[in-house]
Amino acid sequence: MRSLMSIMKVILKVPAAFLAPFILCFFFLLYNIIADIIVSNSLNTYFTLAGQILGVFLIYIYALPIYLLIGIPISLIIERVNKGVRWINYSLGGMAGGLFLYFMNSNLQDLDGTFFLMAAAGLSYYFSLVFLEKLVQILRNKED
C-alpha cells in the first residue's frame, strides 16, 4: 500500500506540470497588478479578454516544457531529500531552475526582480501538486 502511494505521487507530478502554468499566470497577474499600483499609484485597467487569453496561451507554451523537463526532476529531488518546509523547498527549486535557464542562455543581466517570479514558478508547481494530492485523497476516502 505504501509503495502504491509513492508511485501515485510520482505519477501526479506530470498532471501537476500541466496545471502549474495556469497557476503561474495567476501569479503573474497579481505581480503585474501590485507592481502597477506601486509604480504609478493607480491601477490601469486595460485588460481585454483576448489579451488575457493570448497571455495565458503564451505563458503556457513557454512554461510547460520547462515544468516537464526541469520542474519534474527538481520535484523528484525535493521529495527524495524531504528536508524542511515543503513549499520553501519548491520556491528554492523554482529559483534553481530559473538560474539554470539563465546560465544556459548566458543572459545574467536583469536578475533584479526575477527571483520573485522564479519562486512563483516553483510555488505554482507546488500548489498544483498539493491540489492534485488532496483531490486523490478525497476520492480515495469516498471509495472507502
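Counting begins at 1 with the first residue of the sequence.
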Has the side chain of [X] got a donor or acceptor atom that lies under 3.5 Å from a matching backbone atom of [Y]?
X: S75; Y: G71; result: no
X: Y60; Y: F18; result: yes
X: Y125; Y: K13; result: yes

Distance (rounded to the nearest 0.5 Å) between [X] [atom1] and [Y] [atom2]:
X: L24; Y: I66; atom1: CG; atom2: CD1; answer: 9.5 Å
X: L129; Y: E133; atom1: CG; atom2: CD; answer: 4.0 Å
X: I74; Y: L69; atom1: CD1; atom2: CG; answer: 11.0 Å
X: E79; Y: L76; atom1: CD; atom2: CG; answer: 8.0 Å

Nearest atoms (heavy-atom pairs only) where [X] meets [Y]:
X: P21; Y: I59; value: O-CG2, 4.3 Å
X: A16; Y: L132; value: N-CD1, 3.4 Å
X: A121; Y: Y67; value: O-OH, 2.9 Å

**OP:** Report, as yes or no, whether the 6.0 Å neighbourhood of atom CZ on F131 holds more than 12 heavy atoms from other residues, nucleotides or ligands.
**Re:** no
**OP:** Please work out whether the ring planes of F127 and F27 are parallel, tilted or perpendicular, with thresholds of 30° and 60°.
**Re:**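 Geometry flag for F27 against F127: tilted rings.
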Subject >> Trace of the side chain to side chain donor-acceptor pair (under 3.5 Å) decision for S91 with Y126 >> reply: CA-CA 8 Å; S91 298; Y126 168 72; over 6 Å; no
**OP:** Please lay out, stage by stage, how Y90 and L123 fare under the test side chain to side chain contact (heavy atoms under 4.5 Å, CB included).
**Re:** CA-CA 6 Å; Y90 276 92; L123 276 176; 5.5 Å; no
Original post:
Can you get from V81 to I88 by hopping between Ile, Leu, Val, Met, Phe, Trp and Tyr side chains that sit under 4.5 Å apart?
Top reply: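 Per the 4.5 Å side-chain linkage, V81 and I88 are not co-clustered.
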Subject >> Hydrophobic cluster identity match, M95 and I77, side-chain contacts under 4.5 Å >> reply: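 No; I77 is not reachable from M95 via cluster members.
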